[in-house]
Amino acid sequence: MPTELGGLRGRGVLVAGARVSGLALVAPLRDLGAVVTLTDGNQASLDDAAAELAVDTLTPEAAAAGIERFALVVTSPGWRPDSPVLAAAAAAGVPIWGDVEFAWRLDRAEVYGPARQWLVVTGTNGKTTTTSMLESILRAGGVPAVACGNIGLPITDALRADPRNDALAVELSSFQLHWAPSVRPAAGVVLNIAEDHLDWHGGMAGYVDAKAGALTGDVAVLGLDDPVAAGLVTRSTAGHTVGFRLGAPAAGELGVEDGRLVDRAFADAATLALTSEITPPGPAGLMDALAAAALARSIGVPAAAVGDGLRSYKVGPHRAERVAELDGVTYVDDSKATNPHAARSSLLAHPRVVWVAGGLLKGARVDELVAEVADRLAGAVLLGRDADQIAEALRRHAPEVRVVLVPTGDDGTVSSDPSREPDPDAVMAEAVTVAAALATPGDTVLLAPAAASLDMFTDYGHRGRAFAEAVHRLGGSGTQR
């Protein structure tokens, strides 16, 4: 075992974050003999961790004040570099690793057996679908593999799993990549890059820098139809860089030709699948399939297995998920469209839409999106803290579109006091009722918020479930299918 890990035996390690990714660090750190302490700004999370894992805990204030007692800080991805605990560690010279950085070093040190092949997926949108498709392809090709990382399963849990996984389909957010400078995957893809998390990264440059961290391994894959992602070709340090596009692929690319997904990067012109076989249908689904195929092909998965894996893949919940058809109106839950770039793909998949949108824009702008989709909007129903910003964009670029704002309280949040503000499920129910009134047969009522959910909902899943439940309650006059 390298000295850096072996040297943790008997030493104090501080884990920043007492939720899923932070809690998953406790067992492997203990496997190394480290003395683990957890810190988190949520006292209830600390109390639960102390009871379940018998681990010491500290408030962030106490952890920052006593940072010199720790040999290492391992941080959950959401913690910003300027947070008091991490700023104190940096000032004191205490090393800071992200949870992904720690997992990478564990794997390279073969703490849990021979090192795995890491196939990294990042981008503003499409990460989870691409990662899930990749897992399906790898398994179809006979490779013991699991999807992990930002998709839900912590990487350390994937490393410790029995039976063993030989390959990891690793979804990584920009936060995780920021804190994982050592990762050198077998292959990594940047799907696309649009404005997102700019508040965390301090601007677009920092966000792009983080995403470029996926291009440091043996093979780099770039989404060529996205100008920012395609521009990273000059920053790739990989031994081999390839691309994918929706059009016919040139040499060194994967693409779409005559209704087929074609590989000209790892073969002369191998057919991987028919476009009609890909779910979710539409441009976004095809792009994700091409990206997953490129990663799998980079490690030798046969073309036939790529097709088998893509055909067997089923789209996850809240990702352009059809909820019902009522009175000729289709209701679609794309709650996972948490930024304007993701909402764009969703909106362009339908010819006429009543758009349900709003939440936390996180510094992103919607003017360009609204201008592009204005001609297909039959109406817009807006909710959440930044609804007014979307409404203003609609007034500027789509003045003929009817816009309804569903009130959520003076500050755009929902409190626990029902006398002051409505609960989020009630807000969504009202939004769906209004949207249904705006729609006519042939329209799609589309939840594609273009914004994060945490101003009102527990997460995007809660938001999507609230939408689906409200649709089902419409009942009566319609025929659900």
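Just so you know, these numbers come straight off a predicted model, no measurement behind them. Only this structure's heavy atoms are used, side chains among them; waters, hydrogens and symmetry mates stay out.
- Side-chain contact check for Thr75 versus Ile96: some heavy-atom pair is nearer than 4.5 Å.
- With Leu295 as the fixed residue, the side-chain contact (heavy atoms from CB on, under 4.5 Å) test singles out one of Thr131, Val121, Ile137: Val121.
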* Asked: Between Leu232 and Ser236, is a side chain to side chain contact (heavy atoms under 4.5 Å, CB included) present by the stated rule, with each step listed?
  -> CA-CA 6 Å; Leu232 292 178; Ser236 170; over 6 Å; no
* Asked: When you look at Val370 and Val401, which way does the side chain to side chain contact (heavy atoms under 4.5 Å, CB included) test go after all the steps?
  -> CA-CA 11 Å; Val370 170; Val401 174; over 6 Å; no
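- Taking all atoms of both residues into account, the shortest heavy-atom contact from Asp226 to Leu191 is CB-O, 4.3 Å.
- The backbone N or O of Ala140 sits nowhere less than 3.5 Å from a side-chain atom of Asp308 that would complete a donor-acceptor pair.
- Taking 4.5 Å as the limit, some side-chain heavy atom of His472 sits within range of a side-chain heavy atom of Val323.
- With no hydrogens or angles considered, a side-chain donor-acceptor pair links His462 and Asp425 at under 3.5 Å.
- Applying the 6.0 Å contact sphere to CZ of Arg19 captures no more than 12 heavy atoms from other residues, nucleotides or ligands.
- Atom OH of Tyr331 is separated from atom CZ of Arg322 by 12.0 Å, given to the nearest 0.5 angstrom.
- For the pair Tyr460 and Ser453, the tightest heavy-atom approach, listed with the atom from each and the gap, is N-OG, 3.1 Å.
- Considering CZ of Arg184 and CG of Leu215, their distance stands at 11.0 Å, rounded to 0.5 Å.
- In terms of heavy-atom proximity, Asp225 sits nearest to Leu246 at OD2-N, 2.8 Å.
- Closest approach of Ala337 to Ala342, counting heavy atoms only: CA-CB, 3.6 Å.
- Here the CD1-CZ distance, from Ile278 to Arg311, works out to 8.5 Å after rounding to the nearest 0.5 Å.
- The side-chain heavy atoms of Pro28 and Arg160, taken from C-beta on, include a pair separated by under 4.5 Å.
- In terms of heavy-atom proximity, Met287 sits nearest to Phe244 at O-CE1, 3.5 Å.
- Checking side-chain atoms of Arg297 against main-chain N and O of Val301 turns up a donor-acceptor pair under 3.5 Å.
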* What's the verdict on side chain to side chain contact (heavy atoms under 4.5 Å, CB included) for Thr122 and Gln176, showing C-alpha distance, side-chain angles and the deciding distance? -> CA-CA 10 Å; Thr122 196; Gln176 290 170 311; over 6 Å; no
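- Distance check: Ser173 OG to Lys127 NZ gives 7.0 Å after rounding to the nearest 0.5 Å.
- With Leu138 as the partner, the side-chain contact (heavy atoms from CB on, under 4.5 Å) test is satisfied by one option alone out of Val146, Ile299, Asp166, Val306: Ile299.
- Separation of atoms OG1 (Thr338) and CG (Leu360) is listed at 10.5 Å; rounding is to 0.5 Å.
- Each of Arg465, Glu321, Arg463, His318 was scored for a side-chain hydrogen bond (donor to acceptor under 3.5 Å, both in side chains) with Ser335, with one residue passing: Arg463.
- Interatomic distance, CG of Leu369 versus CG of Asn339, reported as 10.0 Å (0.5 Å rounding).
- Across every non-hydrogen atom of Leu261 and Ala289, the tightest pair is CD2-CB, 3.9 Å.
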* Between Tyr207 and Val228, is a side chain to side chain contact (heavy atoms under 4.5 Å, CB included) present by the stated rule, with each step listed? -> CA-CA 11 Å; Tyr207 182 55; Val228 182; over 6 Å; no
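- With respect to Asp82 and Arg80, a salt bridge is recorded, a charged nitrogen being found less than 4.0 Å from a carboxylate O.
- Taking the six-membered ring for Trp and thresholds of 30 and 60 degrees, Trp118 and Trp104 have ring planes more than 60 degrees apart, a perpendicular arrangement.
- Inter-residue side-chain proximity for Pro144 and Pro163 is flagged as unmet; no heavy-atom pair is nearer than 4.5 Å.
- With respect to Arg235 and Asp209, a salt bridge is recorded, a charged nitrogen being found less than 4.0 Å from a carboxylate O.
- Atom CD of Glu368 has 12 or fewer neighbouring heavy atoms from other residues, nucleotides or ligands inside a 6.0 Å radius.
- Residues Leu254 and Leu272 are in side-chain contact: their nearest non-hydrogen atoms beyond the backbone lie under 4.5 Å apart.
- Between Leu224 and Val233, the closest side-chain pair of non-hydrogen atoms is not below 4.5 Å.
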